[in-house]
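A short write-up of the structure that comes next.
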Amino acid sequence: MSTDSLPNTFSRPVHIAVIGGTGLGKLAGYTPVAALHPTTPWGAPSSPILILEHAGVPIAFLARHGLHHQHAPHEVPARANIAALRSLGVRTIIAFSAVGSLREEIKPMDFVVPDQIIDRTKGIRPFTFFEGGVVGHIGFADPFDAGLAAIVQRCAAAMRGDGVVLHQGGTVVCMEGPQFSTRAESNMYRAWGGSVINMSALPEAKLAREAELAYQMICMATDYDCWHDTADVDVAMVMKYMAANGENAKHLVGAVLDELCKQDNSDSVLAKHWEGSAQGAVKFMTKPEGRDPEAMKRVEFLFPGFWEES
């Protein structure tokens, strides 16, 4: 999608965003009205943020791996992505990801709406906004948003094709990558109770929670990783299934956005249930004498006016 001819400003708040992953690099059927290039204390996001209009409601779209898929999983500027979206007014994020299946019943081309994560990243990726002189310990027991998950589940009828299933709940294992798993690792993740595996859920979901955003990932299975007696996963297999089921992904995401647009100014889309959850943890952890001024400015970017009552 060319962005050169689009305005680079947009004055209205945008409450809903989609982060597109492998196989969902754009949203067809939506009218692009602006291409924004925000800057944040954590750098620039991984792609221009497209503002699309649907039924009069603006939606932000960001390509996680860049417009040309140039960012490896560990190179995605997740802090800049989440901070930039929040600065535009976004409070609800639907994130899309291709995944490997760790369960027989989750077939390639099935979708999963996970409710848990196991972190198998290795500390290479910056994973918090609160460091360098401002500390915050944020609850992450339930890493996804149950309200958004319920909306996705209600939209399952939008999928087309025989035998395609939307699985509600499950655990996504987020590995470091960019290489795929060994066979021993794949079987270990199954023994741990993993449902699917990807390289993108973290730190994205953790940062969304720190930014007090409602966040839900939609996963599309493209393979059985390497534990199954079918062929081992490779890029060709992933892209084959993404191409075959790409329309289904767009139908599902489109139906979810239709529902969210109807609720654009509701408390759930505005993530009122997360409001204050991170700010309280930060404000009462690091005492004023220990706060670094630059770290305070970074928090202020996320939460304007944050320090005024401290």
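Counting begins at 1 with the first residue of the sequence.
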| task | Answer yes or no: is there a side-chain heavy-atom contact under 4.5 Å between Thr171 and Ile117? | result | no
| Any ion pair linking Glu275 and Arg91 (charged N to carboxylate O, less than 4.0 Å)? | no
| Row check, Trp274 ring normal vs Arg209 NZ/CZ: under 6.0 Å, within 45° | yes
| Using 30° and 60° as the class limits, which term best fits the ring planes of Tyr224 and Trp227: parallel, tilted or perpendicular? | perpendicular
| field | Check against salt bridge (Lys or Arg N to Asp or Glu O under 4.0 Å), Glu176 and Arg125 | value | CA-CA 9 Å; Glu176 186 61 60; Arg125 314 172 186 198; 2.9 Å; yes
| field | salt bridge (Lys or Arg N to Asp or Glu O under 4.0 Å) between Asp119 and Lys206, worked out | value | CA-CA 10 Å; Asp119 188 351; Lys206 286 184 175 180; 3.1 Å; yes
| Considering all heavy atoms of both residues, which atom of Ile106 and which atom of Ala221 are nearest to each other, and what is their separation? | CG2-CB, 4.0 Å
| field | Audit row: Ile218, Phe111, side chain to side chain contact (heavy atoms under 4.5 Å, CB included) steps and yes/no | value | CA-CA 7 Å; Ile218 299 174; Phe111 291 85; 4.0 Å; yes
| message | Ignoring hydrogens and geometry beyond distance, is a side-chain donor-acceptor pair present between Trp42 and Asn81 at under 3.5 Å? | response | no
| Donor + acceptor pair across side chains of His37, Asn8 (<3.5 Å) | no
| said: Is there a side chain to side chain contact (heavy atoms under 4.5 Å, CB included) between Cys226 and Thr182? Walk through the geometry before answering. | reply: CA-CA 7 Å; Cys226 59; Thr182 68; 5.9 Å; no
| task | Let me know which of Val57, Leu88, Val269 forms a side-chain contact (heavy atoms from CB on, under 4.5 Å) with His15. | result | Val269
| His228 and its side-chain hydrogen bond (donor to acceptor under 3.5 Å, both in side chains) partner, picked from Arg103, Glu104, Arg190 | Glu104
| field | side chain to side chain contact (heavy atoms under 4.5 Å, CB included) between Leu252 and Cys155, intermediate numbers included | value | CA-CA 7 Å; Leu252 178 57; Cys155 294; 4.2 Å; yes
| message | With salt bridge (Lys or Arg N to Asp or Glu O under 4.0 Å) as the criterion, how do Glu131 and Arg79 come out once you've worked through the C-alpha distance, each side chain's angles and the decisive distance to 0.1 Å? | response | CA-CA 12 Å; Glu131 61 181 1; Arg79 291 189 296 186; 2.8 Å; yes
